[in-house]
Every structure is written in structure tokens, then in C-alpha cells.
There are 2 protein chains.
Amino acid sequence: MKVTMKDIAREANVSTATVSHVINGTKQISEEKHKKITAIINKYNYLPNSTAKNLRKNKTMTAGLVVSSFPDSFITEMVYGVEERAREMGYQILLVNTNENKYYEEETINLLYSKMVDGIILSPTSSDIGYLNKYTNDNFPVVLANRYDPIAENVPRVTGDNYQTGYDATMHLLDHGHENIGVIYAVPNVSTTRDRLNGYKDALSKYHLPFLEDNLELGYATVKGGENAAKSLLERTVGITAIFSLNDLMTIGIISKLKELSIKIPEDIAVIGFGDFASANIINPPVTNIVQPSETIGKTAFDTLLSKINNPEYMKHIELPPSMILRKSCGC
Amino acid sequence: MKVTMKDIAREANVSTATVSHVINGTKQISEEKHKKITAIINKYNYLPNSTAKNLRKNKTMTAGLVVSSFPDSFITEMVYGVEERAREMGYQILLVNTNENKYYEEETINLLYSKMVDGIILSPTSSDIGYLNKYTNDNFPVVLANRYDPIAENVPRVTGDNYQTGYDATMHLLDHGHENIGVIYAVPNVSTTRDRLNGYKDALSKYHLPFLEDNLELGYATVKGGENAAKSLLERTVGITAIFSLNDLMTIGIISKLKELSIKIPEDIAVIGFGDFASANIINPPVTNIVQPSETIGKTAFDTLLSKINNPEYMKHIELPPSMILRKSCGC
DNA sequence: CTGAAAGCGCTAACAT
DNA sequence: ATGTTAGCGCTTTCAG
């Protein structure tokens, strides 16, 4: 049987209040009783039941972190950032992966809310997050990370600068003389994709080049998905000389397919990926990636959540800049 | 303000008991009241407070999952397996990454225990897990995944067959004529490493070859760590013609360093890695890996936890076989 | 079919 | 300095 505070109190001949105070240091307790109580606590390995405590204090010191995919290096690092900061601040993280399933995402938010987490950091599967207002209208703290949509009101966000990401990557390719640039992406109807695509378009028009819907290819965010998307893109179009990939696993698939088709990188087709993965440097050719500060995004998201928890009025949108890691696959 | 069951009951002119019963379907309630109550619940978006429910029922339908590292592909997949199965069974997972920090691991177990999770799946940072007995002696359900130590009593486990993993990988290299095989590993004092090393030794002696302590190199489980370890191993020893890497990130680092040193793979040095990573196939040369069924290990671990929860006597050790993905880096 | 009331383990006034 | 007690939001006997 689990031992409770009552058991400790009984054995020490004191009240539960006293026990509670020695545990939490909330009041001065006489040396003598303090010692006695501590001894009994240790003897039984007594651990306070946080559930009861949470119920009473209406605070759990845990936050929910809901992400939409997992093997993804960007997300993994962001999660790491959130966890790091949460730990520093004495918070626990309840991490749930929704696997890009919108239905499961709402379920999860429900569940976490009912578990009294103090707040939630969400990287949503889609722009369809109007349901959040049900929670945030009651001032339940939510912050969006990575992906967002303005339909969610009263919700601060921290993301990478996706417009700039798309613009910079495209500009780099353009500067290298490419005029027919394919884009392979994984998730439609999401701010990250949309913003990067806007950057792509604007870079194009800077060069007075037309935007071709045909140059966009949607696929699954896996190695296999990248392979298929590359194949399809190349079959559908003519004259593509560069590919901008919006997902790290897909980048690997794209390169794999290109090699299989004996297409030379970067001579025949240049490649820029999104998100730097561990092996980028030992692939032949080493792959150029544009990256966002994922860990920082995670940390900042947690800081933002804390601000929101402490001050329901808190409202800020933070956008962190990308950077480019130049290697060989872009023709540099 | 959060609306509670009491609020619903008041507005419906019924008792909280009745509300509880319509929510949980625990008793027949008249059509009329049922409708009325449901309507009010929807009107306010009422969600039962699970914390209170948990406290009352002494059950949380959530399990803890404590792992020791994260970017690691093996762990990521195992986590995925656990989550999958947990979701199927209606459980929530509290995932915590201890970052190979033994102290934080014990802290975490404490914390989870105090949050009344129904059980914990642990992949420990070390063999030093005697502290678990404090919990398991009281029949708190714990199962070990991936790594284990017999010092923890009353704890079922599910792992890969690490002995076989070491044996098979080494045997493969031996069959290719290598007699001087280096091993690069990341975590000492852990069953996975120990068992794989035993497999390595036994394969060696099958070929009547001596075991050389010098051929073992310890490093950090990162790309950089792999680079450093490869460098150190090669400087310390002579005549190494093959390397067996026990970690995927390190494998990448090892290959990177070998390339930097213009050492040809597999002609000069053959490489076999542990854990198949996404880009293994597009690296030059494509890398041979020995893999364990990580996702299955995760799923099985959760099933085992459930068995343990439902039957405190449950006690079983499950060991799943590895398989080899042959590519070019081993000289095949 | 419905309600009253006890109680899960803890905290925090309030009283002594 | 310590104890008494109400109550966090829910479930679940037990009565009616």
C-alpha cells in the first residue's frame, strides 16, 4: 500500500498540517518534530501525491507539448529546447505526438486540458485551429510554436521566419543561375509551407520570373515520400534545374532518387534542403540546407508560455531568422 | 473560470451524482434529464477534471516513459512504438528524456510516481538501478526497455538481443576476412554495450582470435563524438581493418573522419553500424547496419507494462532478434 | 431513477 | 509552533 501523509502524521503523533509544512518548508517547525517527521518520511520512502496537491493548488507545474510529427529533425530539436527550459524552470512536460492527425490533435488538447496542465505549447497539424478559442477564451494559456494561424485569438506564437527561409533559399538558387526551381513539400494548409512558398514566389518575381504552380510537388514527409515526389516532379515537368526541399527526410529521398536516375547533383539538378540533419556532410555531394534555430524556438516557446501563464494579457509574436549552411549540393 | 460538475448540476437542477452518471454512462438516467444535462455540458464546453477523477479512482490511465537520449534513431522509434500502443489502449504517455543523467533519472521516477502514473517504462542510463526496488517492492509496475540490470527485482523487461547483435556483426566482418576489428561505443556500464561486447568476444574466439581491450574505444553519442573516437582509435592502434559502431550518430561521425583522412571504405577499413538511419543508403558507400526492431520493442514494452499493471505477479523477459541490412560499407 | 454525503490526499486559512 | 478543518472536483456507496 502507498503510504500517505496521514500515515506519517499518525506515526509521528502530529497533524498532517505539520507534516505538510516540513515537506514544503512553508512554516517553521520545531527542530525536534522536524527531525522525527523527516525520519519517518525516509523510513517509508514517502512521496507526496502530486495529484492531490495539484487538485488542491490548482496548479500542476506541468505543461503540455503537442507536436505533429516526430522523426523530423526540426521537431526533435524543438522538443529538446522546450524540455531543457522546462526543466530549468521546474516544469514537467507532457509530450504528445499527433502524427499529423487533426482529429487526434483536438482530442489531445482536450485531454491535456482535463489534466490541468498549466498551459500548452502546440505545433498544429493544420491551420484549422479555431477550436482553440474554446480554451483560450477562458484564458487557458496556449502558445503556438513553429506553425500558426491567426484564427486562434489570444495566442502568442514563436516560429521561424518561414517567408525569409523560402526567399533566401530560392534567392541562392537564382543567384546560381537557376530559373526553373522545383519545390517539394509535405504539409499543405499550414503556415510554414505557405510562408516559405510566398518567399519562393517573391524571390522569383525579384528576378522577373513567373511562378509556376506546376513546379510544386506535394509528398509524404518520409524518405520514400521524397523519392516519389522527386520522381513525379521530374516526370511532370521539363527543364527543372534545382529542387528546394522543405523536409529533411524528403531531402534524403530526393537525393536517393536523383542518384538512382543517374542525375548529377548539382550539375544536372541542384538541391537545397530544409533542416540540417546529421549526415548532411558525408553525403555525396554534401548537402546545402537552410535551417531554423529549432532549439531556440523551443526554448523561447516555453518562455513565452510561462509569460502567458503569469500574465494572461501577454501577447507577442516572435519570429526567428533562418541561416544557410552552404555545402556542395547547391553548386557552391 | 473553469466550469465544474457542480455548475452543471446546479444549472440542470440535478445532483452531481447524476451528472457523473451521464458522463460516464455508469447508470441509467431518464431520457429527459440526460438530454438536458448533455445540452448544458455542450453549452459550456465542460470537460471533467481528470486530476480530481484520478485522485478519486486511484488510476490515471497514463504511463511514464523514461528514456536516456533522444536524437538517437533507436530510441525515437521505440518511443513511437510505445506511443502507438498506448494510444490504442486509451493510455496517455508522459515522456521524459533524462539525457543520460543518472541523477535526473531517479528524480524523474520519483516525480512520475508521485503523479500517480499507473506504471513506468524505463530505459535506464546505467546499470545502477537498485533504487527501483523502493518502488517495485510496493508492487508499483515498472518495466525495463532496451537496457536492464538484474539488480532490479520484480521487473519484467523487453530488449533487443544484444549478444546476438554483437555476435552477428562481428561474425560478418570476420567472414569477410577481417581479424582486427575496432569497436566504438558510447555508453559504458550498460547491458546493451556489455552484451554486444560479449557477442563480439565470442565471435572472435570462434575464429580463435584474441580479444584486444585496445580495440575498444569509448566516445560521446554524437557525430562529433564519433569523429573523435575514430581518430583516437586509429592513432592508438595499428592494423585495424574494420570498425563496428554501436550508435547511429557515431557511425556518421566515424565515416566523416575516415573520409577526412582519405581512408577508403570498405577497402581500407570496413564499417558496420548499429541502427539504421534514414540516409544510410545515400552515403558513399551506403552503410551496412545491424538493427533491432525498435518499434516492436516499444510496443511490446507497453503490452508488458499493461500485463504488469493488471497482474502484479507478471514476470517475463523478452528478447527480440536483430537483423542485418547489408550495403557496401562492410565490403559486401 | 435520483440524491445525499463521504472521501481520495493534500494545502492553507484560522484558531489556539 | 502546532492543530483543526474546510475544501479542491470528482466517484460511489447507500437510501429513498
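In what follows, every chain begins at residue 1, and chains take the letters A, B, ... in the order their sequences are listed.
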- Message: Please give me every residue in residues 15-29 of chain A whose heavy atoms get under 4.0 Å of an atom in DNA chain D, ordered by residue number.
- Response: Ser15(A), Ala17(A), Thr18(A), Lys27(A), Gln28(A), Ile29(A)
- Message: To the nearest 0.5 Å, what is the distance between CD on Glu88(A) and NZ on Lys299(A)?
- Response: 5.5 Å
- Report yes if at least one side-chain N or O of Lys33(B) is closer than 4.0 Å to OP1 or OP2 of dG3(C); otherwise report no. yes
- Glu100(B)/Arg147(B) ion pair, N-O < 4.0 Å: yes
- Task: Please report, rounded to the nearest Å, how far the P atom of dA5(C) is from the CE atom of Met5(B).
- Result: 16 Å
- Ile120(B): which of Ile109(B), Val155(B), Leu305(B) passes side chain to side chain contact (heavy atoms under 4.5 Å, CB included): Ile109(B)
- Message: Tell me the interatomic distance from Asn49(A), atom CG, to dC8(C), atom P, rounded to whole angstroms.
- Response: 12 Å
- Does NZ or CZ of Arg157(A) fall inside the cone over Tyr148(A)'s six-membered ring, less than 6.0 Å from its centre and within 45° of the axis? yes
- Touch class at under 4.0 angstrom, heavy-atom based, for Asn13(B) against every strand present: sugar-phosphate
- Whole Å only: how far is the NZ atom of Lys115(A) from the P atom of dC10(D)? 14 Å
- Query: Do any side-chain nitrogens or oxygens of Tyr46(B) fall under 4.0 Å of OP1 or OP2 in dC10(D)?
  - Reply: yes
- Should Glu32(B) and Lys36(B) count as an ion pair when the cut-off is N to O under 4.0 Å? no
- Query: Which residues in residues 52-61 of chain B have at least one heavy atom lying under 4.0 Å from any atom of DNA chain C?
  - Reply: Leu55(B), Arg56(B)
- Query: Thinking salt bridges, do Lys2(B) and Asp138(A) make one under a 4.0 Å N-O criterion?
  - Reply: no
- Message: Any salt bridge linking Glu11(A) with Lys43(A)? Criterion: basic side-chain nitrogen under 4.0 Å from a carboxylate oxygen.
- Response: yes
- Quick one: Arg10(B) CZ to dG3(C) C1', roughly how many Å, whole number? 16 Å
- Item | Worked verdict on Asn110(A) versus Tyr135(A) for side chain to side chain donor-acceptor pair (under 3.5 Å) | CA-CA 9 Å; Asn110(A) 253 313; Tyr135(A) 304 98; 2.9 Å; yes
- Query: Rounded to whole angstrom units, what separation is found between the CE atom of Met116(A) and the C1' atom of dG9(D)?
  - Reply: 9 Å
- Give the rounded distance in Å between these two atoms: CD1 of Ile8(B) and P of dG9(D). 13 Å
- Message: Expressed as a whole number of angstroms, how long is the span from Asp7(A):CG to dC8(C):C1'?
- Response: 13 Å
- Nearest-Å distance, CD (Glu32(A)) to C1' (dT2(D))? 12 Å
- Might you work through the salt bridge (Lys or Arg N to Asp or Glu O under 4.0 Å) test for Lys102(B) and Glu107(B), ending with a clear yes or no? CA-CA 9 Å; Lys102(B) 199 169 88 181; Glu107(B) 284 279 277; over 6 Å; no
